[in-house]
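The structure appears right after this line, and notes come after that.
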Amino acid sequence: MSTSPKAAVLPLDESRANPFGPSLLEHRTAQAEFTELGCWFMDFTETGHADSWTLQYEESVYVIQGQALLRIVTDGAEEEITGAPGELIALPKGTTVRYGGTAGTRLLLSMAPVNWRDLAAAKAAAPKAPRVLFLTPFHFEKPEHDDAFDAVLASLLDGKGDQSVSARHVERFDSKDVDYDTAQTQAVLTAVEQANAEDEFDAIVIACHYDPAVREARAASRIPVVGPLQLTTGFATQFGPKFAVVTDIPEAVPVIQGLVDDYGRGAECVGVSAIGWEGDAILEDPRGAAEAVDRTVADLAAAGEAQSVVIGCTIVSSAYERYRHEFPDRGVVVLNSNLVTVKGAAALAAN
């Protein structure tokens, strides 16, 4: 039988009042054994300030009487905030503060969560979620599209599993003096080496279905490096013996078909199709690109050869996933290539 919550009047308990700088601090709600909200009375016996303290919670300071003299510490500098009776001072989590007041000042401090120490300890003891770097090895013609693409990826991948995902691009590279593939490989290797040095990631996705520089990056990395095409085409065969690939531009078709053959999956692939959209155009009209994917998927389903479809382009996949819910079920599995790759990288990191 469940027990109904009981309201209670919490009287002054002087045994719970402890010195805190020039004040006495009494944890009034300790009597209620709250787990989320905590309330303290702070009474200043003399004018002055306590030592600095950084909040691991959100807190409000209500001035009952006297004058609050709070000093906010930022980069070693202090800024004083004053509060008169009836005023409420809001302190966000992470604020470093020196509580202060004139003699006779009384404040009511309310914080949440009051069990922040227990939460921090539980978080520290919990298994760490794999940290995956989604590294785009190219740049859009319009520079502003780089950040836009990273933001779209982050929004689509956030909360889709236990892993955390960071999206970034390699540094811009110049292929005037060397061929594009050589310049791109060097940019990828530089980014992979940097990611390893940062020690903030457990796996890296080279976010292009050309799988550029994947072999070289694996040799240079102490953490797993994943190529989207290699991983997703292997995964696709779990849904049936045949799959198809849909990519962005016609020029990509022979490249991807060649890679599929190199990976030993040519017999399982019924073909590679292109929707005929460039990357910048996809970002500017993601719905149009997604509709083009859906039409291609419908044609593949009507042909009846493939049981699954791999979206063989990270940009196309991101556009399709934004509008997938608006399209009818075509009777074939359309893999969320970006998510499958991220989850595969996280699985490798966990081993």
Side-chain angles (χ1 to χ4, degrees), residues 1-131 158-159 162 164 166 198-200 202:
M1 187 174 70
S2 61
T3 303
S4 299
K6 294 182 179 180
V9 176
L10 306 178
L12 169 66
D13 185 351
E14 293 184 352
S15 68
R16 297 181 185 275
N18 297 299
F20 186 77
S23 70
L24 288 175
L25 188 62
E26 180 218 349
H27 185 186
R28 185 67 61 93
T29 51
Q31 304 172 59
E33 298 182 350
F34 282 179
T35 58
E36 296 182 9
L37 175 67
C39 294
W40 281 257
F41 285 100
M42 181 178 283
D43 292 283
F44 284 83
T45 56
E46 58 183 278
T47 300
H49 292 82
D51 292 337
S52 62
W53 169 253
T54 300
L55 306 186
Q56 306 302 315
Y57 41 81
E58 295 178 338
E59 182 175 86
S60 65
V61 179
Y62 179 72
V63 185
I64 299 172
Q65 65 184 39
Q67 185 178 39
L69 304 171
L70 272 59
R71 291 182 179 173
I72 308 302
V73 183
T74 305
D75 296 329
E78 296 186 356
E79 175 188 1
E80 189 160 82
I81 295 178
T82 62
E87 292 184 327
L88 187 74
I89 301 172
L91 301 176
K93 180 181 177 180
T95 300
T96 299
V97 58
R98 294 183 62 197
Y99 298 98
T102 57
T105 294
R106 188 169 212 218
L107 309 176
L108 174 62
L109 280 57
S110 301
M111 70 154 70
V114 67
N115 62 336
W116 61 271
R117 285 189 175 87
D118 295 336
L119 294 175
K123 183 178 180 180
K128 300 294 184 183
R131 303 161 299 176
D158 183 46
D162 295 332
S164 64
S166 299
E198 291 173 359
D199 198 28
E200 294 182 359
D202 302 304

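The environment of CD in E198 is crowded: more than 12 heavy-atom neighbours from other residues, nucleotides or ligands sit within 6.0 Å. Within 6.0 Å of atom CG in D13, more than 12 heavy atoms from other residues, nucleotides or ligands are found, so the atom counts as buried in its surroundings.
Contact annotation: the side chain of V114 never approaches that of T29 to less than 4.5 Å [non-hydrogen atoms, C-beta and beyond]. The shortest distance between side-chain heavy atoms of W116 and M111 falls below 4.5 Å. Side-chain atoms of K93 and Y57, non-hydrogen and from C-beta on, never get closer than 4.5 Å to each other. Between F41 and L108, some side-chain heavy-atom pair lies under the 4.5 Å cut-off. Side-chain contact check for S52 versus E78: every heavy-atom pair is 4.5 Å or farther apart. No side-chain heavy atom of E79 sits under 4.5 Å from any side-chain heavy atom of T74. Side-chain contact between I89 and L107 is absent, with no heavy-atom pair separated by less than 4.5 Å. For the pair R28 and L12, the minimum side-chain heavy-atom distance is below 4.5 Å.
The backbone N or O of R106 lies less than 3.5 Å from no partner atom in the side chain of D43, so there is not a single donor-acceptor pair. Looking at T102, its side chain never comes within 3.5 Å of a backbone N or O of T47 through a donor-acceptor pair. Side-chain atoms of R131 come within 3.5 Å of backbone N or O of E200 as a donor-acceptor pair. A donor-acceptor contact shorter than 3.5 Å is absent between the side chain of E87 and the backbone of V63.
Taking OG1 of T105 as the reference point, atom CD of Q67 lies at 7.0 Å (rounded to 0.5 Å). Here the straight-line distance linking atom CG of D51 with atom OH of Y99 works out to 12.5 Å at 0.5 Å rounding. Atoms NZ and OG, on K128 and S164 in that order, are 11.0 Å from each other to the nearest 0.5 Å. In this structure, OG1 on T35 lies 9.5 Å from CG on D118, to the nearest 0.5 angstrom. Taken to the nearest 0.5 Å, the CZ atom of F20 stands 8.0 Å off from the CH2 atom of W53. A distance of 5.0 Å separates CE of M42 from CG of L109, quoted to the nearest 0.5 Å.
Minimum heavy-atom separation, C39 to S110: SG-OG, 3.6 Å. Closest non-hydrogen pair, L88 versus S60, comes out as CD1-CB, 3.9 Å. The two residues L70 and G100 have their closest heavy-atom pair at CD1-O, 3.9 Å. Of all heavy-atom pairs between P22 and G48, the closest is CG-C, 3.5 Å.
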Verdict with reasoning, L91 to I72, per side chain to side chain contact (heavy atoms under 4.5 Å, CB included): CA-CA 9 Å; L91 301 176; I72 308 302; 4.0 Å; yes
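Side-chain N/O atoms of E80 and H49 include a donor and acceptor closer than 3.5 Å.
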